[in-house]
Amino acid sequence: MIQIKITTSEITMLEDLNNLVIRSQADRVLTLTLNRPHALNALNTALLMELAGLLRSADKDDTVGAVVITGNQKAFAAGADVKEMASMNATDLHRDPRVQAWADIGRFKKPVIAAVNGFCLGGGCELAMCADYIIAGHQASFGQPEVKLGIMPGAGGTQRLIRLVGPAKARQMMLTGATINAKQALSAGLIAEVTAAEIVLEKAQAQAKQIAHYAPIAVAAIKDCYNQALDLELQQGLAYERRSYCVVSSSEDRNEGIDAFLNKRHPVYKNR
Ligand code: CAA
């Protein structure tokens, strides 16, 4: 009988081949790594469904306090999978399961940081914009190049980009399909921080860890309120914030946080 020895790293590689999204968790931070490097992490249906499923599970998992979504050094994601799109007809688009996947990704309740290196284009940029904020490497590039393919952004790009960078820059990017670099994306307000490519993920995970150790009730309420700010008039938004503030203030974790501060100790939150 012939015995074949497989090392642990080879097993990991084999597993990685089957996982379009690689999942790892440490310190209450779930890191989801897009894993189609041969296609610059183009977001095909299977990958999007897997990502949405992992986020749905993470929403219910008390051991997850925050999420980092990342790609590799060459690409966060170069957009929807154009090869897959080419074979879709109008009926396929009507029944497209990606619509639900995108909705689930956009509705995820816990904080998400996108750690971006390389190409962040089309659906990739739309995915990054679903995150609460983006940290990018110096060589990252951002854009909505769909117009060059005779199509348009279809996963929230026309709505989210305009809210983040304002009408002038968003219209220019979407109508010309031009990409912007990380420095431009920072000054436009698309991303929160630019750093060396090698430490993008590390930084995102460190910030996610910090967030994940705050009181989950307070963190969830902050995210919920700033998301409401995009939909509500100011007075409605202020009233919404006030109600959320009262709810958060009646939590046990609020008493714990204040008591810990007053007694110069670290708080121990219980999500109550
Ligand atoms: N879909 C499918 N495959 C893609 C892809 C995509 N969006 N982007 C890159 N790839 C594939 C390429 O086809 C190529 O595969 P092969 O080796 O089998 O030919 C591989 O990834 C490497 O790509 P390139 O050789 O093109 O790499 P490059 O460094 O020369 O160029 C690039 C990089 C400028 C990003 C170029 O790949 C490109 O322009 N990609 C398409 C970007 C785009 O138009 N994105 C928008 C898609 S539509 C969309 O996202 C709709 C939506 O809103 C939901």
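Note that these values count all heavy atoms, side chains included, but never hydrogens, waters or copies made by symmetry. Both ligands and their constituent atoms are indexed starting at 1 by order of listing.
Ligand 1 lies under 4.0 Å from heavy atoms of His38, Ala39, Leu40, Ala42, Lys74, Ala78, Gly79, Ala80, Asp81, Val82, Lys83, Phe119, Leu121, Gly122, Gly123, Glu126, Pro145, Glu146, Leu149, Ile151, Pro153, Gly154.
In the hydrophobic clustering, Val248 connects to Ile217, either directly or through intervening members, whenever side-chain heavy atoms lie under 4.5 Å apart.
Counting all heavy atoms, side chain and backbone alike, Ala136 lies closest to Phe142 at CB-CZ, 3.7 Å.
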Please output the side-chain donor-acceptor pairs of residues 152-165 that fall under 3.5 Å, not counting sequence neighbours, one pair per line with the distance.
residue : atom : partner : partner atom : Å
Arg163  : NH1  : Gln159  : O            : 3.2

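Hydrophobic clustering places Leu51 together with Val116 (ILVMFWY residues linked when any side-chain heavy atoms are closer than 4.5 Å, directly or through intermediates).
Listed by chain and number, the residues in a side chain to side chain donor-acceptor pair (under 3.5 Å) with Gln236 amount to none (sequence neighbours excluded).
A side-chain N or O of Glu146 and one of Gln144 form a donor-acceptor pair less than 3.5 Å apart.
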